[in-house]
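Structure record follows, encoded as C-alpha cells.
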Amino acid sequence: MNKILFFAHLRDEVGEESVTIDASGKTVAEVKALVAEQYKLQKLDSAMTAINEEFAPNDEVIKDGDVIAFIPPVSGG
Amino acid sequence: MNKILFFAHLRDEVGEESVTIDASGKTVAEVKALVAEQYKLQKLDSAMTAINEEFAPNDEVIKDGDVIAFIPPVSGG
Amino acid sequence: MMYEIAKDPIDIQSVIDKVVQREAGAINTFIGTVRELTKGKKTLYLIYEAYEPMAVKKLEQIGNEIKERWEGAEVAITHRVGKLDITDVAVVIAVSTPHRADSYEANRYAIERIKEIVPIWKKEHWEDGQEWIGNQLETVAYPSGKPEEGDLNE
Amino acid sequence: MMYEIAKDPIDIQSVIDKVVQREAGAINTFIGTVRELTKGKKTLYLIYEAYEPMAVKKLEQIGNEIKERWEGAEVAITHRVGKLDITDVAVVIAVSTPHRADSYEANRYAIERIKEIVPIWKKEHWEDGQEWIGNQLETVAYPSGKPEEGDLNE
C-alpha cells in the first residue's frame, strides 16, 4: 500500500492530510490522474510529485510502500 | 589657530594625535607640504584632507579655527 | 543542525553563530519578514506549512550546492512554520565565506533556491479572504537542476 | 542612533531591530568578521581606529545615499573600534527593503562605500610584525561622488 500526502490548497480540497491507496506498479502520471479524478483536483497538474521525500519524474514507477507527496508550487522564503 | 589631527600610520610617525599651528589663509595643499616637511611624512600625498569633518579639495583655503584632519586611505569594514 | 524547520520564533543570533569560522571574513544574513502590503493589498497574517522532512533535506541540498560553488562557505538556514504576524521572521539564511562578495552571492542563491525547491507554502490572510500562494505566474520550476544566472535576477 | 562607532562588542540583533518596518519583506545583514588568514599570512589580532565624529557622519551619508537609490530602505550601521580577535565582529550593516533583491544590493553598496569614504583604519598584527592597512594598491577613492557599477564587483 502507499501513503499519499497532500499540502496547501490540495489538502484543503481533499479535506485530508493523507490517504492510503495501492499504487504499486503505476507511474506517477497514472497516480496523478487517478487522484485528480477521485478528488476533483483541477490544479494537480501544476503540482510536482515526490516519492520518499525526493522529486520524481512523471514516468517513475511506484513500488509498494513508497510514500507519495504532491507538491504544489512552493511559496516559502 | 588650527588643530591638525593625525590617524593610523601618520599618527605613529608624528608621535602625536594632534598639533596646533596657524594655517589660516593657506590652502590645503600648502598646509600638506608644510606638515610633510616638518614631520618628514613621505606618504602624506596619498592622504585625503578633511576640514571640520568633511573632505576638502587641495585648493580650499583654511580659515582660523578650522579643524584639519589628514585621512590616510581607509581600511574599515 | 544547520537546516531546520521551526515552530517557534527564530533566534537570529543562534543561526549566525552556526556559521562562524576562523577562515571567514564575512557573514551575510538574509531575514525574510512578513510584509504588510503586497501589491496594495493589506495582509493580516500568514500561515506557513511545510512538508517537514523533505523541506529539511532540500535546505541541506541547497547548502551543499552553495559549498560546491563557493569555496569555504558555511551555510545555516532556519524556516519557520505556523501563524506569523506582520514583521515576524519567516526565514533566516546565514552564509559565511572568506571574502565578502561571495557571502552576498551565495546567500542570494539560497533564497532563490528556497523559492524553487523547498516544500513550504504560505497562505495569506486578508480582511476579505485568504489564499494559498504559489507560482500564480506558472513560472518554471527546477526540481533537480540549478537556476541559470538570469533566474536569480527576477 | 542608526549609525554608530562602538568600543564594545556589537549586539547584532539590536542593529537588526533598528531597521524592522511593517513595509519590509527583507532584511539583509552583513557582518564583517576578523579572518585568521589573509593571503596566507596569519593574523593574531587587529586594532581598529576611527576619526569618530567624521566616521559617524560618513556612515549617515552612506545611509542617505541608499535611501535615495532604493525606495523604502531603512539602514543601520555599527562599526567597532579597538582590539579585535579572530572571529570578532568588526562591522554590522542592516538594510531592510520591501523586496529582497534591493536588500542585497543596497547592503553591498554600503560595505563598498564604507571601504571608500569612512575614516576608519585597521592595523594588522602578525607573529612577525604589524602594519596599518589601507589602499596598498593605490586605487581610486571617491570622497564625494559615488562608485560606478564596476567598482562594486572588485
Side-chain angles (χ1 to χ4, degrees), chain B residues 1-21 23 26-33 35-36 39-63 65-77, chain D residues 5 30-35 38 46-62 77-81 84 89-93 107-108 110-124 130-145 154:
Chain B
M1 296 299 281
N2 301 90
K3 198 170 182 182
I4 301 190
L5 307 176
F6 300 104
F7 296 98
H9 69 86
L10 296 176
R11 179 178 293 183
D12 288 353
E13 286 173 58
V14 172
E16 303 276 356
E17 295 193 9
S18 68
V19 297
T20 301
I21 67 169
K26 293 192 174 67
T27 64
V28 163
E30 285 167 351
V31 174
K32 253 187 166 175
V35 169
Y39 296 97
K40 310 259 179 295
L41 299 174
Q42 294 181 352
K43 291 204 280 183
L44 195 54
D45 268 357
S46 68
M48 291 189 280
T49 306
I51 297 180
N52 303 327
E53 303 171 4
E54 190 50 76
F55 290 108
N58 272 326
D59 60 0
E60 185 153 331
V61 176
I62 288 148
K63 297 185 294 296
D66 281 350
V67 174
I68 300 159
F70 294 119
I71 312 284
V74 303
S75 52
Chain D
I5 301 296
F30 178 82
I31 301 159
T33 56
V34 179
R35 186 178 56 223
T38 295
L46 300 181
I47 304 282
Y48 277 96
E49 179 179 295
Y51 180 14
E52 290 196 29
M54 182 170 170
V56 170
K57 280 186 189 174
K58 290 289 139 185
L59 292 176
E60 190 175 1
Q61 176 187 325
I62 293 168
I77 308 174
T78 300
H79 201 300
R80 193 167 163 206
V81 292
L84 274 77
V89 173
V91 63
V92 176
I93 305 166
N107 196 304
R108 182 75 197 278
I111 184 67
E112 301 302 329
R113 285 295 272 161
I114 286 172
K115 288 172 180 289
E116 286 168 359
I117 66 162
V118 180
I120 300 175
W121 302 269
K122 71 175 166 192
K123 192 177 199 171
E124 292 200 353
Q130 57 196 52
E131 191 181 6
W132 284 103
I133 306 299
N135 206 10
Q136 270 77 355
L137 296 174
E138 305 290 327
T139 51
V140 186
Y142 305 86
S144 55
E154 281 164 11

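Note that this is a predicted model, so its numbers are computed, not measured. Convention: sequence-line order gives letters A, B, ...; per-chain numbering from 1. Excluded from the calculations below are hydrogen atoms, water molecules and symmetry mates; all remaining heavy atoms, backbone and side chain alike, are included.
Proximity to chain D (any heavy atom under 4.5 Å) is restricted, for B/N52, to the backbone atoms N, CA, C and O. Interface remark: D/K115 contributes backbone and side-chain atoms alike to the contact with chain B (heavy atom separation under 4.5 Å). Only the backbone of D/A50 has a heavy atom closer than 4.5 Å to any heavy atom of chain B. Looking at D/Y48, the atoms closer than 4.5 Å to chain B (heavy atoms on both sides) all sit in the side chain, from C-beta outward. Heavy atoms of D/K123 lying under 4.5 Å from chain B belong exclusively to its side chain. Both the backbone and the side chain of D/I114 have a heavy atom closer than 4.5 Å to some heavy atom of chain B.
Ranked by heavy-atom pairs under 4.5 Å with chain B, the list D/G32, D/P53, D/P119, D/A90 is led by D/P53.
Within the 4.5 Å cutoff, the side chain of D/Y51 has no heavy atoms near those of the D/I5 side chain. Inter-residue side-chain proximity for B/L41 and B/F70 is flagged as unmet; no heavy-atom pair is nearer than 4.5 Å. At a threshold of 4.5 Å between non-hydrogen side-chain atoms, the residues B/F55 and D/M54 count as touching.
The pair B/E13-B/K43 does not meet the salt-bridge criterion, since no charged nitrogen lies less than 4.0 angstrom from a carboxylate oxygen. Between B/E60 and B/K26 no salt bridge is recorded (no basic side-chain N to carboxylate O distance below 4.0 Å).
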